[in-house]
Amino acid sequence: MTLVDLVLRSMRKNLKHYYLYFFALIFGVTLFFIFSTLQHDSAVVEQTDLSAKMASGFQAATVLLFAILIIFVTYANDLFLKRRSREIGLYQLVGLTKGAVSRLLIIENILLGAGAFIIGIGAGLLVSRLFLLLLMKLVGYEGFVNLSFSGAAFLQTAAVFAVLIVITSSRMFWKVRRSQLIDLFNDDKKDEHPKQPKPILSSLLGILGVAMIATGYWFANSHYMMNMFLFLNMLLVLALVIAGTYLVFRVTIGWLMTLVRKQKNGHIGLAGALSTAPLMHRMKANAKSLTVITTLSAMTLAMAGFAYSMYYSTEQETRVRVPHDFLIDEVGEGNEGTSAETAEQFAEDLDEAGIGYTRQPITYLDLTASMSGDHLPDLLNWEENTVTTLIFNTRELKAAGLDIEEPATGEAMMHDSGISWLLTDEVFPFEASVATGQTTEKLKVISLGEQEVASGYAGVYTQLTVSGETFDRIKAATPAESQRPLVAFNLDDKEDLAEASSIFKSYREEMTLDFYSSYKESLAYNGIMIFITGFLGLAFLVSTGSILYFKQMSEAEQEKRSYTTLRQLGFKTGEIMKGIRRKQAFVFGLPLLMGLVHSVFAIKSVSFMFTSTDITLPVTFAMIAYVLIYLVFAVLTVGYYRKTVNAAL
């Protein structure tokens, strides 16, 4: 019998082992090809302007997706090899050399990979259109885009898949080379008889794991996080939480279960024997996979919650940065004439189009100021530098339609959404010494406003609003060249924004100071962002759910003899399933619960980015959707166990 004949016979006999690994390969090819097709398709790039906005984001997401697929496929490959350990041992026992067995497995892997690649590309072509329509909907594009076959996407997918096959084949080769016969025949029994844990060491490590997670949570949401070492602080938090999670799974839970069993003098009953005992015996082997699943779940939930919150709050956050529907000034290239002349022409065009509006001239003072206070953020470095500061008259802003508070004489309110996340309540009040030319005006900055007061300056210049009396006093001492005119337009009917925006663009090239254009641009950006994170979230979700499902299927096969014995002793399926359901509630529930908690603290630590929106609803919605999909895998696992128990007798 030739090696090829042996390969074909082996593949026919091992169909029940192959389908899990085959599914992982097909899933990986399909996901990557779809994502790569949307990234490289010329029509998509043109209509969504991906090359300018999100090219780097797509590239980073591609790398992350590849990392997800490596974890998923290699885990499925390892499980596939473990289930065939005895078979690999038998091949060597009947005379095949390790080299021949390695070649057999690698040929099988290549054949499986080729089949999975063909099916995955076909599936990707079938469902790419659906993902395209979803992407176009998210970015607000209402036209028709024809998706074509992308040669670049095909080649990129082929290259990535070739790397996956090389990695999995190398692991197969290494598995055969380093394993002894006795190890291969006992591979499925590893970690089922752990050593008795040392009480003192276990308790210390168990408490340390919980303490590391708590410390990471506290540090991520403390003011110590926001300093010049922000990136290093983020890495520290990530390391603390991941290491703490591993210790919880590796030590804490096993230690607690040992205490429970000791308290009951070992009488844990049938349900405990089918839930607590297997978990204790396999906790060492499961610690790494459960840690990976928890981390991936937390990342998925955090990304999905953050992206959906960004998309959900697009209109409110745009209004924070662009408070007026239209704002005409004299800043930037391409502007001809004064702001008053341009405003008059724009008003005539709006009148001709039958669009109602209110118009309000606004004057602001372009000055510099030095800030001083007891709790100014170190990141801003205000103590040693002057800051470009724009001074506005609150009364003019109210006349333009803004609902803002007028400070008392000598006081000011700050409006700067770009740094609002650093300006906590303890920062205020502080003093701003404004240089007006010949004199210096000292203002007491009492609080932070909810929005910008002039469109286009968010995150660029600090804006201060003062009372009419204070503004007039500062203006009198300010040189004429530092007094800048604006004209604000706000429409009576917001349904006319699209038409008015198209009129407005004809006055200045690259005009971005109108609300509607800014909103559509932000919507497209956030739409692409939620698509990328949603796509990666889908990969995370299917990967983590499948890893648990595959793992439990393998354990069900190992425990089949125990179920046969219990059925022969007279226990019914329902009695056995009671303990199994408790086990699955732990296996699926604990990583999910810890992932939810991790993601809540992660989102809370970046919630400062949402200056005007309560993100509780979108985050809750994203988490509920994730949990419901995740529970599908738990239900499938319980169903597989029920089938195994029924077939045990």
Side-chain angles (χ1 to χ4, degrees), residues 314-351 353 355-367 388-404 413-418 420 449-466 471 475 482-523 611-612:
T314 299
E315 184 173 356
Q316 296 94 320
E317 294 298 320
T318 303
R319 188 56 81 179
V320 167
R321 296 181 292 103
V322 189
H324 306 285
D325 291 343
F326 301 93
L327 190 69
I328 295 176
D329 64 4
E330 297 176 317
V331 179
E333 243 180 76
N335 185 48
E336 298 179 359
T338 66
S339 58
E341 293 171 344
T342 305
E344 188 62 34
Q345 296 172 12
F346 181 56
E348 291 177 1
D349 286 346
L350 291 179
D351 291 335
I355 299 174
Y357 59 90
T358 57
R359 177 171 54 171
Q360 173 63 37
I362 299 173
T363 299
Y364 71 90
L365 310 177
D366 187 352
L367 304 171
T388 300
T389 306
L390 311 183
I391 311 293
F392 289 85
N393 187 340
T394 304
R395 295 176 185 177
E396 288 183 348
L397 296 173
K398 286 185 175 181
L402 297 187
D403 182 17
I404 60 174
M413 290 184 64
M414 177 171 284
H415 301 263
D416 195 335
S417 62
S420 61
E450 295 182 353
Q451 64 181 141
E452 305 291 324
V453 295
S455 308
Y457 300 110
V460 179
Y461 301 118
T462 294
Q463 305 170 21
L464 296 179
T465 55
V466 297
F471 183 84
K475 181 180 179 183
S482 295
Q483 301 178 23
R484 306 290 176 79
L486 301 171
V487 181
F489 285 81
N490 289 288
L491 304 189
D492 298 335
D493 187 356
K494 302 303 181 185
E495 297 293 329
D496 296 327
L497 278 172
E499 182 180 357
S501 180
S502 63
I503 296 173
F504 189 61
K505 288 180 180 178
S506 64
Y507 286 91
R508 244 171 71 186
E509 295 180 1
E510 304 298 331
M511 177 66 79
T512 59
L513 301 186
D514 68 290
F515 170 78
Y516 184 78
S517 295
S518 299
Y519 167 70
K520 295 296 288 184
E521 182 177 349
S522 296
L523 186 68
T611 57
S612 66

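Residue numbers count from 1 along this sequence.
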Do side-chain atoms of [X] reach the backbone of [Y] as a donor and acceptor pair under 3.5 angstrom?
X	Y	value
S522	Y519	no
Q463	V453	yes
H324	F515	no
D514	D325	no
Q483	T363	no

Given L491, D493, L497, the one that forms side-chain contact (heavy atoms from CB on, under 4.5 Å) with I355: L491
Minimum side-chain heavy-atom gap [X]-[Y] below 4.5 Å:
X	Y	answer
M413	I404	no
L390	D366	yes
F504	I328	yes
L523	E315	no
Q360	T358	no
F392	L486	yes

Evaluate R359 against E344 for salt bridge (charged side-chain N to carboxylate O under 4.0 Å, His left out), listing each step before the verdict. CA-CA 10 Å; R359 177 171 54 171; E344 188 62 34; 3.1 Å; yes
What are the two closest heavy atoms between [X] and [Y], and how far apart are they?
X	Y	value
A500	F326	CB-CZ, 3.4 Å
S518	R321	O-NH2, 4.5 Å
H415	E452	O-OE1, 3.6 Å
L367	S482	CD2-CB, 4.1 Å
I362	A400	CD1-CB, 4.1 Å
D416	T462	OD2-OG1, 3.0 Å

Between S517 and S501, does the side-chain hydrogen bond (donor to acceptor under 3.5 Å, both in side chains) criterion hold? Intermediate values first, please. CA-CA 7 Å; S517 295; S501 180; 3.0 Å; yes
Over 12 foreign heavy atoms within 6.0 Å of CG, D403: no
Can you tell me how far CG of L402 sits from CD of Q451, rounded to the nearest 0.5 angstrom? 5.5 Å
Any idea how F489 and Y357 line up, ring-wise: parallel (<30°), tilted (30 to 60°), or perpendicular (>60°)? tilted
